[in-house]
Amino acid sequence: MEIPFIDLKRSYKIYGEEIEEAVKEVLRSGIYLNGSKTKELEETLANYLGTYFAVGVSSGTEALYLILKALELPQNTYVLLPSFTFIATSEVVIRNGLIPYFLDIDEKTYNLSPKSLEEAYYKLTDQGKKVSAVIAVSLFGLPADLEKIKCFCEEKGLILIEDICQSFGAKIKDKKVGTFGVASATSFYPTKSLSTCGDAGMVFTSDKFLAQKIRYLKEHGQTKPYFYEYHGVNGRIDEIHSAILLVKFKYFENEIKLRNKWAKKYQEGLKDLEPYLKLPFVPENYYSTWSLFTIKTKKRDKLREFLSKRGIKTGVYYTYPLHLQPVYKKLNFKKGNLPVTEKISQEVLSLPMFPYLTETEIEYVISFIKNFFEEVLNE
Ligand SMILES: *Cc1c(COP(=O)(O)O)cnc(C)c1O
């Protein structure tokens, strides 16, 4: 049996015809940008998330970039963010003339550790450095400790921005991620939980002025036809992507339910293997959308190879933490600076996870993981 890590073709089979109809409608309408599909998508998703405004943009990266750009934070001040995330989170900090400062994560949730945030804040301010913002990432579908992080940001006058590219729809109690900070960014990249057939993203905020400014900035800074108050970018979403997303959004809640079902099945099937293998931890009142199902084991590389030989594809997010990336050498982080991140990046393994997996496939994966540990334990 071959089990893909993520199979987009299977999803397409479910609603492909509907998508093709929706795309055909856009193609025939002659309106390809800034049309009714985008407006409808923005309203639908803002309403779903619980913010007043949403602005469709060309990618999750651009969504993050535009939030920072619109905020006009003082140049060369510090933006705190976890090292254990995708590079887009830090890239946009540099592109805005700000300095990324990497934080460690919580050992159990893999999300930004509030303790590391506090320590970094005091360390930098004691050195006379100015910290202006925090980017909290809710990784793998699980909300970061946003209540605590928000509290700290408010106390210190820091701006909280949320990267919810992997966790659109996740929530703490009834409050969705993406509504804790001043603004949040999501991505509709093909492998994200709510995705399109290409690149697109969205900014969410309840700040009217911020939303309007981002609207201008994603359109070259144009505030009326061919009149520019800002220097912006070409960062629009297309009508085709908006139309596709409107179709896929109808299936989204059900797909999250399916992801939760598979996560539960993995949890139950693998729980006997603890402590050799650590299962994902979900704090009480947290609701994960399981964009990835990530286990942790010291035998990560061996297990990955073992599964691969049996047709089971897995992923590693992330092998190289951002603070040790060659591109950030100048920021002077060293091995040992963020011990939890460094340890965890050696041990995490993401198992096949997408809505249209089958019961049989999950059982197959579970049984081979069990076989692996039996063999290892008998060595
Ligand atoms: C995917 C992702 C992004 C970037 O989104 P794109 O649409 O690919 O630009 C940013 N941050 C995180 C955490 C992501 O997973």
Side chain to side chain donor-acceptor pair (under 3.5 Å) pairs, two or more places apart, involving residues 240-253: Glu18-Lys250, Glu18-Tyr251, Thr38-Ser242, Tyr48-Glu253, Ser195-Lys248, Thr196-His241

Salt bridge (Lys or Arg N to Asp or Glu O under 4.0 Å) assessment of Glu119 paired with Lys123: CA-CA 6 Å; Glu119 283 170 6; Lys123 187 176 163 201; over 6 Å; no

Hey, does [Y] have a side-chain heavy atom less than 4.5 Å from the side chain of [X]?
{"X": "Trp262", "Y": "Trp290", "result": "no"}
{"X": "Leu273", "Y": "Ile369", "result": "yes"}
{"X": "Lys171", "Y": "Val177", "result": "no"}

In plain terms, say whether [X] and [Y] are close enough for a salt bridge, that is, a side-chain N and a carboxylate O under 4.0 Å apart.
{"X": "Glu255", "Y": "Arg259", "value": "no"}
{"X": "Glu155", "Y": "Lys150", "value": "no"}
{"X": "Glu62", "Y": "Lys218", "value": "no"}
{"X": "Lys173", "Y": "Glu147", "value": "yes"}
{"X": "Glu363", "Y": "Lys265", "value": "yes"}
{"X": "Arg10", "Y": "Glu361", "value": "yes"}

Under 30°, 30 to 60°, or over 60°: which ring-plane class applies to [X] and [Y], parallel, tilted or perpendicular?
{"X": "Tyr226", "Y": "Tyr228", "value": "perpendicular"}
{"X": "Phe5", "Y": "Tyr317", "value": "parallel"}
{"X": "Phe140", "Y": "Tyr110", "value": "perpendicular"}

Pair Phe368 + Tyr364: ring centers closer than 6.0 Å: yes

Between [Y] and [X], do the side chains contain a donor N or O and an acceptor N or O under 3.5 Å apart?
{"X": "Thr89", "Y": "Asp163", "answer": "yes"}
{"X": "Tyr122", "Y": "Lys156", "answer": "yes"}
{"X": "Tyr328", "Y": "Ser90", "answer": "yes"}
{"X": "Thr341", "Y": "Ser83", "answer": "no"}
{"X": "Gln222", "Y": "Tyr230", "answer": "no"}

Working for side-chain contact (heavy atoms from CB on, under 4.5 Å), residues Leu279 and Glu274: CA-CA 8 Å; Leu279 290 164; Glu274 294 204 273; 4.1 Å; yes

Stepwise side-chain contact (heavy atoms from CB on, under 4.5 Å) test for Thr109 and Leu139: CA-CA 9 Å; Thr109 63; Leu139 208 65; over 6 Å; no

Option from Glu43, Glu25, Glu239 for which salt bridge (Lys or Arg N to Asp or Glu O under 4.0 Å) with Lys37 holds: Glu25

Atom of Gly198, atom of Pro190 and distance for their closest heavy-atom approach: O-CD, 3.1 Å

Ring pair (Phe, Tyr, Trp, His ring centres under 6.0 Å) assessment of Phe281 paired with Tyr286: CA-CA 10 Å; Phe281 171 73; Tyr286 279 45; 8.7 Å; no

side-chain hydrogen bond (donor to acceptor under 3.5 Å, both in side chains) partners of Gln346, counting only residues at least two apart: none

Glu229/Lys224 under salt bridge (Lys or Arg N to Asp or Glu O under 4.0 Å): CA gap, chis, key distance, verdict: CA-CA 9 Å; Glu229 283 186 45; Lys224 58 187 181 188; over 6 Å; no

Check against side-chain contact (heavy atoms from CB on, under 4.5 Å), Phe84 and Ser345: CA-CA 8 Å; Phe84 197 59; Ser345 59; 4.1 Å; yes

Test log, rule side-chain contact (heavy atoms from CB on, under 4.5 Å), inputs Phe204 and Phe168: CA-CA 11 Å; Phe204 297 94; Phe168 183 75; 3.6 Å; yes

